[in-house]
Amino acid sequence: MTEAGTTAGALLGSSPGDSATGNDSATGNDSAGSEAPGSKVIAARVNGSPRDLAHVLEDGDEVEPIGIGSADGRAILRHSTAHVMAQAVQELFPEARLGIGPPVENGFYYDFDVPAPFEPGDLKKIEARMRQIVKQGQRFERRVVTEDEARKELAAEPYKQELIGIKGAPAADSEESVEVGGAELTIYDNLDPKTGDVEWKDLCRGPHLPATRDIPAFKLMRSGGAYWRGSEKNPQLQRIYGTAWESRDEQDKYLKMLEEAERRDHRKLGAELDLFSFPAEIGSGLPVFHPKGGIVRREMEAYSRRRHEEAGYEFVNTPHLTKAELFETSGHLGFYKDGMFPPLEMDGAEYYAKPMNCPMHVLIYRSRGRSYRELPLRLFEFGTVYRYEKSGVVHGLTRARGFTQDDSHIFCTPEQLPGELASLLEFVVGLLRDFGLTDFEAELSTRPPKYVGELEEWAAAEAALKHALDASGLPYVVAEGEGAFYAPKIDVHVKDAIGRRWQLSTLQVDFQEPGRFGIEYQAADGSRQRPYMIHRALFGSIERFFGILLEHYAGAFPPWLAPVQVTGIPIADAHVPYLRKVASRLAEQRIRVEVDDSDDRMQKKIRNAQRQKVPFMLIAGDDDVAAGAVSFRYRDGSQKNGVPAADAVAEIVTAVRDRLQV
RNA sequence: GCCGCCUUAGCUCAGUCGGUCAGAGCGACGCACUCGUAAUGCGUAGGUCAUCGGUUCGAUUCCGAUAGGCGGCUCCA
């Protein structure tokens, strides 16, 4: 039972006063001695709401500790670090006006209105000043203010004034809510620990760390422009991103992960491994695949094709260009024109590069009368589409202007819809698993503000998707208002080898397009009915999926996808003919094998094959030739010597056939 | 599209506060070496310093535009 008048901190055995008074910052909080760095209590949950340790309790309050290393604790730590950064910025750039400064995943940011954008050197200066503030141990102190008081105190901060005006309006989970999300307006003062003077203050909901000294590790990452309140109609502020952690170790781990991500960057690996490029002469966002990338892509497509065949899909082909009329009928030119390349004039007609394949597939459906006996009709195509992505968003293979969808449109009766959706989800996950992905999460996106169709149809489609998700057992979240303009959708996200989430598959129930094109089928009772239509792409885009796999595997594709599966390396030139014989036995089994007969020394050949991330090296010298054997060197550097050639061939063939990673 | 930064040989980069300033490593090519698990040695070729325009006696260097890239924002049907 809690006692009225005491603070949350005192109750939890942590005393915020200690670190703030500067007596001995270790005593109060580290009394347990052997505590892990992440378990230090820096705030409390009182009756379910996060509060400062200095929060005064009422009789009967439920109090739980918030450790600095917990999700809540990190958010508080990062939010406090954002305050320290803003203080440093305003000291160094007195003309800087404050935007918002919330914690975000892995860090925080703060937006500033400054006369000139920050330069890289500025971040260093700001960071240095922040370290002084942290060392000084300023106290965070909460103070409730009236709206009038807040306006007066923050008279010099126009953006804060605006936030005061919308108090309570932002959604509880919006980034603005950290400023004004609570029931009352509060200001946090940063106090000099010795004199108690107010060094800085900010409109803020809190809670905060007891003192700046409680920030164990932080680093400023980068700066860039950001629109005020996220709208391109608003002025652009300068945002500085930073990160903060409960210990130096955790921060180092995070920074290492970022380095690892950089090492895996598919744009870099694509060049190093000679897989693809983006010739400037062709245009931004338009990739070309080189022979080695072409092999990977062909394997991906071949496997997908096989699986689709087995799942009852029929294959179609459609052109890249179409008269405007098709996209007028589909509604794309009304709703999606900005995302399309401008039209070509020809013989007085306007032709567009297609941004989607669906209208063409609908025309195939409509090419003759359809019977209910044909449904579900599953039309599949590797369909290349062109979308006019804004110049600032093009990003390697993951955001291109021309790309190929593994696109399918399924036409079915209303009764068939739930079954189709359920089996589709299973199909998606099964296929992605075969590519070595294991961690999935779905997102159900509902009707957006700008949409076509009737509300009842939307409700029915959303219900069908939700039902399929519930049946699948996939974990999922609902994204309100994130659906396509013509349909709600399920997106399947995957986690890659270093824990990053990528959106891949998309699955949409469309009640609009069948009506727009007036497609029908004849039912068993002889009546004419409108089919339902499901849009779906599993890779999403082949290019994008290629990029994601490349990063997932850090370029070390499993043997079945690897462009070169085996490199033969002779100890000396004399062993080349022998290796060629072994290679031809592999080639007979459709293994992609090369023998390195260059002038390089054997060590150099190994280095080259290693850098090309070839899964198997087969080395042969006098000993091997005499024994009719070869020696393996695997991608991880391990070796297996004197393997009979037939066994070596079998081992490689098995690894490829079973899609093993090695 | 918006803000900032960037573009020197195939790649990674050095360099010029405007005047012998075209440099290195890797790669490519040639010659020698014939080698047991991540770089053999020597030599050769290769760049109108992204493009176009301006300032200047003189521009790779300063300014502007364009293209492409990078990091953010917005967007991602």
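Reminder, nothing fancy here: chain letters follow the sequence lines and each chain counts from 1.
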For the ring pair A:Phe517 and A:Tyr365, is the centre-to-centre distance below 6.0 Å?
no

Base, sugar-phosphate alone, or nothing: which one does A:Arg222 contact when heavy atoms must sit under 4.0 Å apart?
sugar-phosphate

When we call it a touch if two heavy atoms are under 4.0 Å apart, what does A:Ala226 touch: a base, just sugar-phosphate, or nothing?
sugar-phosphate

Would you kindly check if the NZ (Lys) or CZ (Arg) of A:Arg401 is within the cone defined by 45 degrees around the ring axis of A:Tyr386 and under 6.0 Å from the six-membered ring centre?
no

Measure OH/A:Tyr578 against P/B:rG36 and give the value in whole Å, please.
18 Å

Taking the six-membered ring where the residue is Trp, are the ring centres of A:Phe341 and A:Tyr352 under 6.0 Å apart?
no

At 4.0 Å (heavy atoms only), tell me whether A:Ser284 reaches a base, stays on the sugar-phosphate, or touches nothing.
sugar-phosphate

Tell me whether the side-chain N or O atoms of A:Tyr227 pair up with the base of B:rG1 as donor and acceptor below 3.5 Å, since no angle test is needed here.
yes

Reckon A:Tyr486 touches a base, only the sugar-phosphate, or nothing at all at heavy-atom distances under 4.0 Å?
sugar-phosphate

For B:rC3, take OP1 and OP2 only and decide whether either is under 4.0 Å from a side-chain N or O of A:Arg239.
no

Of A:Met617 and A:Asn608, the one whose closest nucleotide on RNA chain B sits nearer the 5' end is A:Asn608

Can you check whether A:Ser223 has a side-chain N or O nearer than 4.0 Å to OP1 or OP2 of B:rG72?
no

Would you indicate, yes or no, if B:rG71 has its OP1 or OP2 atom less than 4.0 angstrom from a side-chain nitrogen or oxygen of A:Arg267?
yes

Please find out if less than 6.0 Å separates the ring center of A:Tyr634 from that of A:Phe632.
yes

How is A:Ser231 classified with respect to the nucleic acid when contacts are heavy atoms under 4.0 Å: base, sugar-phosphate, or nothing?
nothing

Return whichever of A:Gly339 or A:Glu232 has its heavy-atom-nearest nucleotide of RNA chain B closer to the 5' end.
A:Glu232

Just checking A:Asp338: base, sugar-phosphate only, or nothing, at a heavy-atom cut-off of under 4.0 Å?
nothing

Would you kindly check whether a donor in the side chain of A:Glu389 faces an acceptor in the base of B:rC76, or vice versa, at under 3.5 angstrom?
no

